Amino acid sequence: MSRSIGKISINPIACDGHGICGELLPELIQLDEWGYPKVTKNDLPLDLLEHARRAERLCPTLAFMVLLAEPATQR
Amino acid sequence: MGSMEMTEFSSWPGLVVPDRTSDAASIRRMTLRTLSLEEHGRVRGAVRPPKVTYQELVRLVETAGLSGRGGAGFPTVRKLTSMAQYRGKVVVVANGSESEPLAHKDETLMIHQPHLVLEGVAIVADALQATAAFMVAKTKNQLVVDSVETALKERRRARLDRVPVQPRIADPGYTSGVETSVIQQLNGKGAKPAYFPVRPITRGVAKRPTFVSNVETFAAIALIARMGAEAFARMGTSEAPGTQLLTVSDPDGHYQILEVRGSTPFTEVVSFTGIDMLRVSTVLLGGYFGQLIAPGVALGLRVAPAEMKRQGMSIGAGVVAFSSACPVAEASAICSYLATQSAGQCGPCFNGLPAIAKELGRLAQGATLQRGVAEIGRLGDQIIGRGGCAMPDGAVLIARSLFRNFPNEVALHEKGQCTAVKMRPVFVAPEYAKVAS
């Protein structure tokens, strides 16, 4: 896996367990027995950035967030 | 004699002003007698506390080794320095909501010495040049409200506080005491935990940087400012500087509030309170966020959070409770209660806690488990650390401690047996305790 460029974060209060992030990012997220996402790896590698961005865009409750270590414009 | 005696410290000047009957070398009992401003001034040497700059306060709190008394034990100096760049626009909140049902030390402290707490708030508010200050009192206790209101009146008349402290009463419910719930309540919203991905909280009360600490922590800050950091630390040990308030309850559910010097052995706490350890089968350390331990293990401990942490334990907000009942029944009652207290916001909490509670309930009744003990452990792994607040973690920690510390009792229950003399749990109010008796 490529180097970490930031972290993913899920607001557990906003999350309603739609499970889209778990489908898009099985490398970092497991769905629990009720369908709620459990972050298994916090660090976001560069090669998963596109999927993470997609999860962020598609999350119906805006619970999923990509937190880049540095602003994207600087890299 | 009589009441004058209450204004004398025998050997160590602590948070609690002792009365004749409750003073010992390393423990004293807190009474419900309120100290007026005049008495507070007489006991502490002067009505007005010394002026403390931000830099001085940071040095004092660091040297004193003060850690938060709300349960998490976070170093107070780090909380202070995280506010450095926001000085001039900070809101200070003294959290006395104490929603842990077995804890009573905050309400008792606010009744006994409101001025020490309010003085601590004033010191922090001045050092951080705060724009507003709040004090949140425990719900359903008129004595606290009266004591705080009287104290605030006295302080206004003496023109003591630059920033007036605004008193509030905490919303009921277990999760309303969570720091982020308190912020929500002060913002006029429901007292439910909120999610702040970045710490410190820079957009808290009125969207301002917010310094929240437990009321005992503020009282300790006032004491440190008055007596000096070294003298405060020396009341305890290097491992456990200063003193700490405990709520100790016996198998009948009666409690006492104690101030103990750091590293005081539990054997001393037990003999001071007169608890008959021969009647005790289960000890709850740290309240519903803590763990169930065997009586023998409890007797080997000292009141030293850092040492306990190395032993894999935590005293939380200073709760030590003794019970004669079956540990499985106690664990089941606590988890059932916590399941009812979910704010209903996070899946792992409102799904996971009823699942754990249901299994422990079956175990307590000697019924066959649907998941099996190992499965309950895995259920815990699915839940822990995944709520917006730490409440779901509490249920998991209680369940884990039951399986780790009482394996024989758990095994017997799996066969439908129980060795406890008494079934009815005492750690949770009867309406939540679902035990077949």
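Every value quoted in this text rests on a predicted model; they were computed, and no experiment measured them. Within every chain, numbering begins at 1; the chains are lettered A, B, ... in the order of the sequence lines, protein sequences first and strands thereafter.
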Query raised in the report: When you look at CZ of B:Arg203, are more than 12 heavy atoms from neighbouring residues, nucleotides or ligands closer to it than 6.0 Å?
Result: no
Requested in this report: Write out all pairs satisfying salt bridge (charged side-chain N to carboxylate O under 4.0 Å, His left out) with one or both partners inside residues 55-65 of chain A, taking only residues at least two apart or from two chains.
Outcome: A:Arg53-A:Glu56
Report task. Decide if atom NZ of A:Lys38 counts as having more than 12 heavy atoms of other residues, nucleotides or ligands within a radius under 6.0 Å. Result -> yes
Report summary line: The interface call for B:Ala355 against chain A, heavy-atom contacts under 4.5 Å, is side chain
Report task. Considering only heavy atoms, give the residues of residues 29-36 of chain A separated from chain B by less than 4.5 Å, sorted numerically, with 'none' for an empty result. Result -> A:Asp32, A:Glu33, A:Trp34, A:Tyr36
Query raised in the report: Any donor-acceptor pair under 3.5 Å linking the side chain of B:Arg386 with the backbone of A:Pro37?
Result: yes
Query raised in the report: Is the closest side-chain heavy-atom distance between B:Tyr195 and A:Cys15 below 4.5 Å?
Result: no
Requested in this report: Drop me the distance from A:Asn11's CG to B:Cys346's SG, to the nearest 0.5 angstrom.
Outcome: 7.5 Å
